[in-house]
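Residue numbering restarts at 1 for every chain, and letters A, B, ... go by the order of the sequence lines.
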Amino acid sequence: MAALVNRRTVISGFILLALVFPFLTKNSYVLHILTLAFIWMIAVYGLNLLAGYTGYLSLAHAGFFAIGAYSLGILTVKVGMNYWLAFLSSLIITCILGLLIGLIALRTKEHFFAIYTLCVGYIIYLVIDKWDGLTGGVRGLIGIPVPAGVGPLSFEEPQSQYYLILFFLLLTVLMVYRIVHSLSGRTFIAIRNSEELAKTLGIATMKNKLMVFVLSTLFAGLAGVLYASFIRFIGPDIGYITITFDLLMYLLVGGIGTLAGPIVGTILIVWVSQSLQFLQDFRMLIFGPLLTLLIIFYPRGIIGAFYEWKIKRQEKKRMRALIKKHKDAEFSDANSVPDKKVKEG
Amino acid sequence: MFLETKALTKQFGGLIAVNDVSFSLEKGKINAIIGPNGAGKSTFFNLVSGSHSPTSGQVIFKDQNITKLPPNKIAELGIARTFQTTNLFEQSTVLDNVIVGHRLRTNSTLLDAVLRTKRFKREESKCKEKAIEVLDFVGLTAVSDQLASNITQEEKKRVAFALALATDPEVVFLDEPAAGINPDETEGLAELMKKMVDRGITVCLIEHKMQMIMKLADKIMVLNYGEKIAEGTPEEIMNNQMVIEAYLGGSASA
Amino acid sequence: MLELKGLSVAYGSFTAIESIDVLVQKGEIVVLLGSNGAGKSTTFKAISGLEKPRQGEILFEGKSIGGRSPGRIVESGIVQCAEGRKLFPKMSVSENLIMGAYVHRKNKKAIKHSIKHVYELFPILYEKKENAAGSLSGGQQQMLAIGRALMAKPKLMLLDEPSIGLAPLIVEQMFEVIQQINEEGTTILLAEQNANAALGIASKGYVFESGSIVVQGTSEELLSDDSVRKAYIGA
Amino acid sequence: GCIENPSDEASGEGTEKETETPSTEGGEKLVNIGFSGPLSGPAAYYGERSFSGLEMAAEEINKNGGFEVDGQTYKINLVSLDDKYLPNEAAANAKRLVQEHQTPIVYTPHSGGVKAMQVFNEQEKFLIGAYTSEPDVTEAGNSLTVRIPPRYDNYIEPFTNYTMERFGKKLAALPTSTQYGKDWSETLLPYWKEQGGEVIYDSSIDFSKETDFFTLVTNALKEDPDVLFIGGPSEPTAKLVKQARELGFEGGFIIMDQAKLDEMKKVTKADSYELFEGSIGVMPLVNADYPGTPQFVENYQEKYENDPGSEAGFHYISLYVFVEAMKAAGTVDDSEAIRAHIQDGLDQLPKEKQVYVIDEVGKDGGFKADRSVAAIEEGEIVPIKVGE
Amino acid sequence: MDILSQQLFNGLTIGSVYSLVALGLTLVYGILHIPNFAHGAMYMLGAYVTLTMMLLWGIHYWLAMAVSVLVVGLLSVLMERLVFHPLRNAPPIHDKIAAIGILLFLEALAQLIWGADYRSMGTPYGEVINLFGLTVTMQRVLINVGAVVVMLLLYLFLKKTMVGSTIIAMAQNREGAHLVGINTNKVAMLTFLISGGLAAIAASLAAPINLVFPGMGHLVILKAFVIIILGGMGSIPGAILGGYILGFSESLGATYLSNDYKDIIAFLLLVIILSFRPKGLFAREGF
Ligand SMILES: Nc1ncnc2c1ncn2[C@@H]1O[C@H](COP(=O)(O)OP(=O)(O)OP(=O)(O)O)[C@@H](O)[C@H]1O
Ligand SMILES: Nc1ncnc2c1ncn2[C@@H]1O[C@H](COP(=O)(O)OP(=O)(O)OP(=O)(O)O)[C@@H](O)[C@H]1O
Ligand SMILES: CC(C)C[C@H](N)C(=O)O
Ligand SMILES: [Mg+2]
Ligand SMILES: [Mg+2]
């Protein structure tokens with residue numbers, strides 16, 4: 001199992017890199033972008049769990065992101081609640097709303113679910129935008145505190161915020177990893193593959209879907225909460241459809257239904273979109289086609305493409321070995337080289 | 001009574017697909033349902049398994065009225081089924097398919113998964129063992145690593161059996177298990193069904209392959225236009241004039 | 001009339017049929033036998049232009065048609081009645097039939113005539129002509145699929161497992177109809193699991209096994225071939 | 001050709017050319033000035049118009065040999081980044097501008113961006129050129145924020161008096177649903193009532209999201225108001241006027257200062273202001289008579305083939321003010337010192353650059369400008385005296 | 001002025017625009033199963049092309065609209081060829097994201113060509129008329145009449161012509177269409193052509209009462225999606241009905257409930273309807 005060892009070292013390598021990164025650069029812009037990217041990743045993992053593993057494409061996730069962010073904003077700024085209490089409450093609020101919305105939304109399927117949640121997301125945005133009294137309306141909320149210190153740790157500095165957010169990201173990845181590689185994860189994938197069959201196998205699909213939905217909104221809400229205390233100002237825009245589309249774009253480019261997809265996609269797109277800044281007004285002129293081409297040529301995202309490439313290589317190797325060994329033996333066997341675990345993973 | 005339906009009726013708009021059908025399964029035997037296309041056989045299955053809810057009538061399983069239960073609850077009670085068009089988790093491996101089949105007998109939650117609790121580990125291996133056992137039973141150990149979409153039609157049929165068996169059922173409903181496979185392979189499936197009965201599992205199947213049905217079934221029900229027109233042993237059915245006219249035709253045992 | 005020379009078709013890296021040769025004479029019924037996944041449907045798809053051949057030639061009436069678009073192939077007189085019927089479920093029976101005559105859409109009169117003919121063959125379709133195709137039972141749908149294929153007035157008709165999932169009574173009728181269609185002048189290439197019935201009406205057959213032809217011969221030869229009997233006809 | 005609106009030059013080649021680094025001769029140095037605004041998406045036009053003022057000022061300054069601070073000659077290099085009107089993007093852009101381009105000043109034309117930058121601008125020591133009317137941004141006590149647009153509250157009184165006298169006491173409010181529109185409403189409506197007026201309709205309209213304004217206008221007019229309070233970008237505001245007239249409204253209009261009468265006229269393709277009879281709004285920059293206005297307007301029209309709006313005017317003048325402040329402070333990179341010398345910058349501003357007259361900068365960092373008011377009477381623009 | 005009838009008329013006008021946009025969307029969805037988010041960009045381009053024709057060559061409104069229908073229709077076909085055709089076997093999320101890419105690109109392109117500013121389109125039908133006590137402009141009457149005529153034509157085309165039937169056939173079974181000899185590529189292109197043309201007509205009709213700017217397609221497209229879901233995806237009558245339901249709920253909602261929350265009303269309506277009918281009002285696909 002050389003591949004596994006390999007994988008483990010790669011992962012540890014990345015974590016190490018993330019850990020020492022603040023020491024490698026003095027550029028607070030880069031750190032800022034990276035921190036923000038971590039926040040997006042958390043939300044994308046939420047989306048991935050639902051859309052990638054369970055097959056329900058939610059377009060309301062910017063809404064839940066905003067609910068998390070606004071809950072924290074309102075609880076800290078307006079109510080004056082203790083930071084970590086507000087943090088927890090915000091997550092709970094997001095989950096409760098997620099539960100309520102999920103209960104109705106999950107009655108619909110496929111495109112209907114997608115557009116239904118699109119509308120739900122838009123309603124959330126509108127409510128935030130119009131409910132001046134609570135949310136500050138178009139003005140937004142200002143003065144959201146940084147996370148309160150925990151023991152000797154304080155989160156005033158960008159570096160410490162970076163580590164805090166990295167911590168939550170790693171936690172998210174660990175959780176998602178464990179869920180995906182468990183009976184529950186299999187259950188979700190089963191629902192994605194065929195809900196009807198899952199049901200006749202005795203799986204309470206609604207309960208499971210609801211669980212993923214709530215969990216997925218929890219991650220979106222967590223990202224929102226972190227965003228609010230990182231940017232420290234929030235406006236209704238963070239709940240707008242464009243944010244959902246951004247998240248979706250990160251997910252799809254990275255590879256939907258894969259574990260590494262959200263990280264790869266987010267980093268790549270954030271990086272590309274920052275690098276194209278020099279084009280100014282015409283940034284989208286390049287970015288749009290780039291995105292479209294990526295989708296056409298790497299429909300399974302970067303990670304999917306990587307797996308495919310790996311499998312092909314293995315297959316070739318095997319074929320070559322086969323041909324070498326016994327020139328005309330068991331050709332049919334070559335057909336059955338498992339091309340498994342391409343879609344999930 | 002093991003499993004019985006009482007005056008089961010299902011209407012789709014103006015069409016009565018299943019009309020006042022009362023039928024009881026013989027425990028530990030092979031029960032068959034035959035009838036012309038569109039007679040309502042699959043619909044009858046859907047009603048029993050909870051995929052559709054009947055317009056009127058009842059389904060009783062071991063003295064419990066299960067008419068209104070959702071499919072997953074019915075599966076939990078020990079009633080499994082397969083579909084007419086073989087329905088598998090195409091994107092997963094055969095083994096993964098079958099592992100999920102035992103999910104309903106486990107209780108671990110998301111929290112167990114995240115915390116990797118004892119229960120999680122226990123149930124995880126329980127499901128795997130079950131899957132391996134069932135795959136062995138249907139004779140698919142060799143292909144357990146392949147994607148379900150990549151195996152042959154006959155293997156798919158067997159996986160469907162395995163999936164149903166993985167739920168630890170007392171009775172399985174098989175919808176045209178031998179459709180689209182050749183006589184040789186049909187033979188194999190018939191053997192498998194017998195093996196299931198030997199294990200104490202009651203079988204109820206829909207088939208058009210008369211040769212096989214007549215050899216295999218202990219009891220046959222014939223549906224026509226949603227109505228039960230006959231019920232009995234293969235011999236009785238084969239000689240039933242109504243059945244011959246409606247369904248079997250001249251070369252009944254072709 | 002139809003000749004496949006060294007035909008190979010692949011899905012991605014997987015070769016579904018490899019270098020097969022098939023010959024169908026005018027006026028014949030030829031049957032393709034073989035277990036599931038042997039490559040019968042793939043052969044049909046290649047002939048209909050739905051899959052591009054990787055290698056080899058498809059000759060129809062002496063002309064190569066490999067690589068032509070499906071539409072052109074239908075126009076030249078090959079129509080397939082595919083596995084799974086592929087009807088237009090929300091259109092009525094008669095609309096489905098009219099769509100079947102798509103390539104003759106200019107000729108309204110001929111269409112009327114063909115429809116009448118189909119209704120004569122399958123009176124049940126006439127009864128149901130206003131019903132949506134999706135609401136028919138499996139057997140009726142199969143008849144409609146054949147009827148629709150006939151609407152294109154094919155010289156060669158490809159029938160992919162027409163008896164699948166049908167009641168014995170209907171299967172019997174189905175084969176009678178196929179024979180009748182053949183007698184009316186349409187050449188038929190048939191894929192079947194039900195080897196017994198198929199060979200009963202066919203003049204010759206080919207047996208597929210994982211993408212290649214392993215046995216071929218006249219119906220009598222095949223029926224008396226032990227290995228064939230065992231695998232495809234049953235004891 | 002006519003595909004291009006005259007104004008397109010602003011979006012077209014102009015931007016591209018200007019962002020190229022200006023040539024420096026021996027001994028000259030560059031000072032980078034940052035801008036983060038919407039350059040794509042629905043608000044792109046606003047962003048571009050804002051940026052064009054900076055661009056013009058920078059080009060002029062560089063053409064005239066730059067400016068001298070502490071014996072060193074500097075030229076200005078503008079660095080602009082697109083933030084799609086999003087706060088987090090603006091914050092990232094500001095970080096980038098400061099880190100990679102060492103900009104002592106970062107402009108942004110929206111309150112969200114300002115607020116997001118205020119989180120760290122004191123720490124990273126850059127001055128925010130805030131083009132926003134949001135009172136929060138200066139009230140928050142940020143020591144390195146300069147709010148460029150003036151307060152609008154001194155319009156309230158003349159607008160109210162004029163329209164109430166000429167048309168009557170019933171007011172219907174339908175301004176744009178941005179915070180700016182809301183600020184206006186919140187100031188205007190109480191004052192109107194104080195003056196004995198009546199507010200019979202109070203709502204707002206989101207121009208970027210409405211397919212047809214007719215529904216809202218119909219509702220605003222349903223109780224026969226005498227005066228309609230509207231505003232937002234000039235073009236949709238003009239449409240509103242037109243549709244109100246179509247629906248039979250014959251009263252006057254209070255037009256908030258975001259919309260400009262001259263631009264509104266252009267939309268209706270009419271030669272006169274007839275349609276806008278009875279409107280009161282800010283004096284269009286092209287018609288204003290501050291010392292530096294005519295020259296600025298002429299130059300702007302030449303460069304962009306379009307009339308400048310106030311966002312261009314204010315950005316233009318503010319860059320001059322900052323440059324003067326740098327001179328006075330004797331530094332181009334110490335943002336705190338520059339901030340401390342803004343008042344000197346205002347005082348030192350040459351007469352011919354006074355596109356507006358800005359007398360002072362408040363303690364909170366807000367500019368206090370004097371702007372004149374105009375009304376439409378008999379199809380002509382008429383200046384209205386503003387009582388002190 | 002009777003406020004109710006005036007608002008009913010206003011609702012009708014908005015509803016007409018929505019319906020036209022939604023029709024193009026539902027057509028592409030129903031036949032090719034593509035949720036085409038780039039349709040909003042087609043709407044925007046439709047307005048710009050008409051405007052440009054009128055300004056550049058001074059050609060008449062109707063002629064300009066015809067050119068626009070053609071240009072946008074062809075662009076739409078091009079989009080199908082270059083993007084959606086290669087993606088035809090990919091899951092629908094891919095179409096969505098690719099469409100968003102196109103949307104971003106086209107918006108930037110419009111900004112490059114025409115500038116980011118608001119433009120206004122003239123119309124030869126500017127005069128105000130009084131219809132039974134309603135105040136309307138000719139243009140608004142035109143929108144309503146035009147929409148109905150276009151819908152009728154589309155209906156007749158689909159139901160009564162062979163080409164129409166081929167489109168419907170393909171919507172129901174792509175492979176089946178292949179089998180009877182239909183060139184599905186051509187049908188796909190035709191569908192996009194019609195869909196683009198419908199967007200151009202909608203935009204050209206609506207532009208004179210609003211403004212033309214690069215972002216003008218955003219909200220319209222969002223609402224159009226709401227509409228086709230409301231009506232049942234791929235259902236033509238559903239799209240028409242949904243368009244008018246939304247139009248009326250907006251105009252009446254703004255009048256009798258709340259102006260600020262009127263959009264919420266529309267979206268809430270959808271949420272409620274879907275809660276009871278998870279597959280829309282006309283729960284069937286493929287017409
Ligand atoms: N969901 C449904 N909605 C409407 N009608 C249905 C539905 N399901 C089945 N039917 C109709 O009910 C009748 C019985 O169908 P069913 O599938 O039970 O037949 P069957 O006996 O299984 O036939 P076959 O042997 O062809 O599979 C048919 O006429 C069919 O069209
Ligand atoms: N679209 C496809 N992509 C990849 N592989 C395919 C595709 N269609 C068929 N195959 C594979 O090609 C092989 C031949 O299939 P084909 O459908 O031609 O068999 P068949 O003889 O018609 O079988 P059946 O009796 O089931 O109809 C099978 O292994 C099948 O899995
Ligand atoms: C007109 C400007 C002074 C207001 C500006 N749109 C803002 O964001 O505050
Ligand atoms: Mg059935
Ligand atoms: Mg086949």
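Between E:Ser275 and A:Ile104 the shortest heavy-atom distance is OG-CG2, 3.0 Å. In terms of heavy atoms, E:Ala98 sits closest to A:Thr292 at O-OG1, 3.4 Å. The shortest non-hydrogen separation linking E:Leu104 to A:Gly288 is CB-CA, 4.4 Å. Heavy atoms only, all atoms of each residue included: E:His94 and A:Arg300 are closest at NE2-N, 4.4 Å. Nearest heavy atom pair, residue E:Phe105 against residue A:Pro289, reads CD1-CG, 3.5 Å.
With a 4.5 Å cut-off on non-hydrogen atoms, A:Val253 does not touch chain E at all. Heavy atoms closer than 4.5 Å to chain E are found in the side chain of A:Phe287, but not in its backbone. Residue E:Phe276 touches chain A through its backbone alone, counting heavy-atom pairs closer than 4.5 Å. Looking at A:Leu294, neither its backbone nor its side chain comes within 4.5 Å of chain E, counting heavy atoms on both sides.
Of the residues E:Ile264, E:Leu269, E:Val226, the one that meets the side chain to side chain contact (heavy atoms under 4.5 Å, CB included) test with A:Cys119 is E:Val226.
Comparing A:Leu290, A:Leu291, A:Thr108, A:Leu252 by how many heavy-atom pairs each has under 4.5 Å with chain E, the most go to A:Leu252.
Rounding to the nearest 0.5 angstrom, the gap separating the CD1 atom in E:Ile97 from the CD1 atom in A:Ile296 is 13.0 Å. For the atom pair A:Ile123 CD1 and E:Leu268 CG, the distance stands at 4.5 Å (nearest 0.5 Å). Once rounded to the nearest 0.5 Å, the distance linking CZ of A:Phe113 with CG of E:Leu274 reads 11.5 Å. With rounding to the nearest 0.5 angstrom, the CD1 atom of A:Ile115 is 12.0 Å from the CG atom of E:Leu230. Atom CD1 of E:Ile229 and atom OH of A:Tyr116 lie 11.5 Å apart (nearest 0.5 Å). Distance check, rounded to the nearest 0.5 Å: NZ of E:Lys96 to CD1 of A:Ile295 gives 12.5 Å.
The aromatic rings of A:Phe245 and E:Phe37 stand perpendicular to each other, their planes meeting at an angle above 60°, with 30° marking the opposite boundary.
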*Given the rule in the side-chain contact (heavy atoms from CB on, under 4.5 Å) test, do A:Tyr122 and E:Leu222 qualify, once you have shown the distances and angles that lead to the verdict?*
CA-CA 9 Å; A:Tyr122 197 65; E:Leu222 206 64; 3.6 Å; yes

